[in-house]
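This report concerns only the one structure given below.
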Amino acid sequence: FVVMTGTSTTHIRALSEEIELKLKREHEVVPHHIEGVTSNWILMDYGDVVVNVMTVEMREKYNIEKVWGDCESLTIG
């Protein structure tokens, strides 16, 4: 479960496209499904790993980390 924050819809789209490209090129892994490409929250389902790329507003509104609050958290960047 990965949660990332972008500064705008353009930024989260660029982040998700880069994730998809790198995983495909470097690891030959493609997502099973991608949702929200034109919204404030892009969900990328890789099976065992789900990547959530969202704007600050969506992250604050839905606070999905709270659902996974008992899991180990790692902050990068």
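Side-chain contact check for Glu18 versus Leu15: every heavy-atom pair is 4.5 Å or farther apart. Side chains of Leu43 and Val50 form a contact here, defined as non-hydrogen atoms less than 4.5 Å apart. Counting only heavy atoms from C-beta outward, the side chains of Val53 and Trp41 never approach each other to under 4.5 Å. Counting only heavy atoms from C-beta outward, the side chains of Ser16 and Ile42 approach each other to under 4.5 Å. Contact check for Asn52 versus Phe1: side-chain heavy atoms found under the 4.5 Å cut-off.
Of the inter-residue distances, the one linking Glu17 atom CD with Met44 atom CE reads 9.0 Å to the nearest 0.5 angstrom. Atom-to-atom distance recorded for Leu23:CG and His27:NE2 is 6.0 Å, nearest 0.5 angstrom. With rounding to the nearest 0.5 Å, the separation of CG in Asn40 from CE in Met54 is 10.0 Å. Here the straight-line distance linking atom CD1 of Ile12 with atom CZ of Arg59 works out to 12.0 Å at 0.5 Å rounding. With values rounded to the nearest 0.5 angstrom, Lys24 atom NZ is found 15.5 Å from Ile19 atom CD1.
No more than 12 heavy atoms of other residues, nucleotides or ligands lie within 6.0 Å of CD in Glu28, so this atom counts as exposed by the packing criterion.
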Worked check of side chain to side chain contact (heavy atoms under 4.5 Å, CB included) between Val3 and Ile64: CA-CA 9 Å; Val3 180; Ile64 62 174; 3.9 Å; yes
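Minimum heavy-atom separation, Arg13 to Thr38: NH1-CA, 4.3 Å. Scanning all heavy atoms of the two residues, the minimum distance from Gly6 to His11 falls at CA-ND1, 3.2 Å.
Linking Ile, Leu, Val, Met, Phe, Trp and Tyr whenever their side-chain heavy atoms come within less than 4.5 Å puts Val2 and Val37 in one cluster.
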